[in-house]
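Since the structure comes first, as structure tokens, the remarks are kept for the end.
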Amino acid sequence: MTDFPVEKIRADFPILQQQIRNKPLVYLDNAATTQKPNCVIDCISDFYRQDYANVHRGVHTLSVRATDQYEGARETVKDFINAQSTKEIVFVKGTTEAINLLAHSYGKSFLKPGDEILITAMEHHSNIVPWQMLCQELGTVLKVAPINLQGELIVEEFEKLITAKTRLVSVVHMSNALGTVNPVKKIIDLAHERNIPVILDGAQAIPHMPVDVQALECDFYVFSGHKLYAPTGVGVLYGKQEILEAMQPYQGGGDMIRKVTFKETEYNNLPYKFEAGTPNIADVVGLGAAIGYLTGVGMDNIARYEAELLAYATDKAKQIEGLRLIGEAHEKGAILSFVLDKVHPHDIGTMLDSLGIAVRAGHHCAMPVMDFFEIPATARASFAMYNTHQEVDVLMDGIKSLIEVFG
Amino acid sequence: MFEDLRDLYQEVIFDHNRNPRNFRVMDNADREVEGFNPLCGDRLTLYLKLDGDIITDASFQGSGCAISTASVSLMTEIVQGKTELEAEELFNQFHEMTTGKDEEINLEAIGKLAVLAGVREYPARVKCATLAWHTLDAALKNQEASISTE
Ligand SMILES: Cc1ncc(COP(=O)(O)O)c(C=O)c1O
């Protein structure tokens, strides 16, 4: 895709212009977090310089401006994922908080001892631990659908694990450790045939592909801003309105109430019922700016460009002797997890860093995935829309050289 | 190509990584402790044979990065014949060397362990080097059956 304006995009990211250890930075740790374009950085500082005040509370001009921008970002998110209404867009701290909110609120509103929650073997710890905690507290049961050696969900096994007791399905849209993109539409259809709601962990998928929650018909979709070129500390919980209406609040406090007396409290409307306390106003506004930027580039274009970049990187990686890819799903996002015969991922990470290349080495918050592949860790290069084919070359040359050094 | 890393990855480290010393299970060990670094998945089992308070044999099993493998390999060599007290003192010296940024390294006390001094410039790698020693510490104090760096 020669017409993708990658150089123009790179120029919008000031952090990418630097040298690390006297080499041009090659940032390939985008699955951990993405860098921020000028428009996001400027938006936040302009907001603090000109328009900042608390939201939903004041009649004064700044409060009105801040509220307009905060609610404007909600509208932007709604359009970005094609939700029906801004009532379905709850701002949270990130994916982790969104899943904890759901475990807590959905769990306590609708689940009983013995009910089953179904996840997959490729979940991030944040889509495992909150459910384990709920199971301990409530006596619900966690079921885990297995994956195959390519790192793909075994859909038949998943289907078999749906029983009369299954009350909730929570699966990752795209795996951060393997890159696998799950057949989420199929999963949702299977669950909905039995009236089971589905949560999608979209932390990794959202920066790489268009997401339409109405087309997917998922009941919940959660993601973090910081992996979407937006600031840290802000994320989104999308939930279908009728389910959110029926759920108990997560935290109590200001903003989430309509009326408080010492006898009783009346909760606020959606989405405010789930936004207790002063929210992360400026970073929500920054999230709106990031989405504005992405819409300008076009998520379809990004998906196409990254698919090409991944195919190029995969092809080159396969030519390196002693390199084993971890995660070779047919449907895959721009993540290359690998191990080398003779070099531990940690050494790979340090070696590549000395060449200015940032990759992640470790278990990627997916220890069960590491156990499944019987490896302690992987090295992971994860790509974003601002990475280039030339950077892939630098990475592959680096890997070849370090194999030689360890020989 | 990796000139910057010469201090960290010295030839001795590559050597011990390729051919770890005392890499074996000890059937009649007096102490057996597992060390785990959850951050990178490094896992090792340390075996000690003691005669009174003298370490007469040390060996290990497990898998880790070059730094942690070299560190444990070197350690099993150097502690043999040392008393528990001497080994504890080495641990203190080693800890100081790998974490104390500005201090002079006491080369006489630390001996060939000095090849690991490079990690002090790489905070993310200090735990790789010290895992072996924390495991030894636990083994000598006869504490838990497994320890973790986190
Ligand atoms: C698939 C997946 N889910 C959840 C998370 C957690 O996101 P956060 O740490 O932003 O809450 C991550 C981040 O690494 C992830 O990759």
Side-chain angles (χ1 to χ4, degrees), chain A residues 19-23 26 29 32 125 129 177 322 326 337 339-380 394-407, chain B residues 1-20 23 34-45 60-73 98 115-132 146 148-150:
Chain A
Q19 306 246 315
I20 297 279
R21 299 184 186 270
N22 298 319
K23 317 271 187 335
V26 176
D29 195 15
H125 294 164
V129 184
I326 303 296
S337 240
V339 292
L340 299 178
D341 279 351
K342 292 197 181 120
V343 195
H344 189 279
H346 232 157
D347 297 314
I348 300 173
T350 300
M351 288 279 187
L352 291 178
D353 178 62
S354 82
L355 304 176
I357 307 166
V359 299
R360 171 105 180 252
H363 52 62
H364 318 296
C365 296
M367 284 188 182
V369 173
M370 302 297 118
D371 290 344
F372 176 76
F373 287 99
E374 297 181 340
I375 46 177
T378 76
R380 180 187 71 187
V394 172
L395 168 70
M396 297 304 164
D397 289 345
I399 296 172
K400 284 183 217 153
S401 314
L402 73 87
I403 290 176
E404 256 170 54
V405 172
F406 269 78
Chain B
M1 192 162 184
F2 296 99
E3 302 82 16
D4 297 356
L5 290 177
R6 290 253 164 83
D7 281 347
L8 182 62
Y9 290 99
Q10 301 198 21
E11 206 33 63
V12 180
I13 291 182
F14 282 129
D15 174 37
H16 278 262
N17 183 49
R18 281 187 209 111
N19 309 299
F23 186 74
E34 187 180 284
F36 181 46
N37 180 347
L39 219 58
C40 45
D42 286 357
R43 202 180 273 281
L44 65 89
T45 307
F60 78 102
Q61 286 278 282
S63 79
C65 64
I67 306 290
S68 88
T69 304
S71 179
V72 65
S73 168
T98 48
V115 295
L116 285 157
V119 295
R120 56 158 69 184
E121 303 298 333
Y122 297 84
R125 305 302 301 275
V126 169
K127 279 181 178 159
C128 308
T130 52
L131 174 64
S146 76
S148 151
T149 54
E150 291 303 302

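Given the structure is predicted, the values throughout are model-derived calculations rather than measurements. Protein chains get the first letters and strands the later ones, always in sequence-line order, with residue 1 at the start of each.
Looking at A:I348, there are no atoms closer than 4.5 Å to chain B (heavy atoms on both sides), in backbone or side chain.
A salt bridge links A:D347 with B:R125: at least one charged nitrogen is closer than 4.0 Å to a carboxylate oxygen.
The side-chain heavy atoms of A:V359 and A:D29, taken from C-beta on, include no pair separated by under 4.5 Å. You'll find the side chain of B:K127 stays beyond 4.5 Å of the side chain of B:L131, heavy atoms only.
For residues 361-374 of chain A, a heavy-atom distance under 4.5 Å to chain B picks out A:G362, A:H363, A:M367, given by residue number.
From B:Q10, atom CD reaches atom CG of B:L116 across 8.0 Å, with rounding to the nearest 0.5 Å.
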Show me the donor-acceptor pairs within less than 3.5 Å that the side chains of residues 62-72 of chain B make with the rest of the protein, sequence neighbours left out.
{"residue": "B:S68", "atom": "OG", "partner": "B:D42", "partner atom": "OD2", "Å": "3.2"}
{"residue": "B:T69", "atom": "OG1", "partner": "B:G64", "partner atom": "O", "Å": "3.3"}
{"residue": "B:T69", "atom": "OG1", "partner": "B:C65", "partner atom": "O", "Å": "2.8"}
{"residue": "B:S71", "atom": "OG", "partner": "B:A129", "partner atom": "O", "Å": "2.7"}

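Judged by distance alone, the side chain of A:S337 and the main-chain N or O of A:A177 form a donor-acceptor pair under 3.5 Å.
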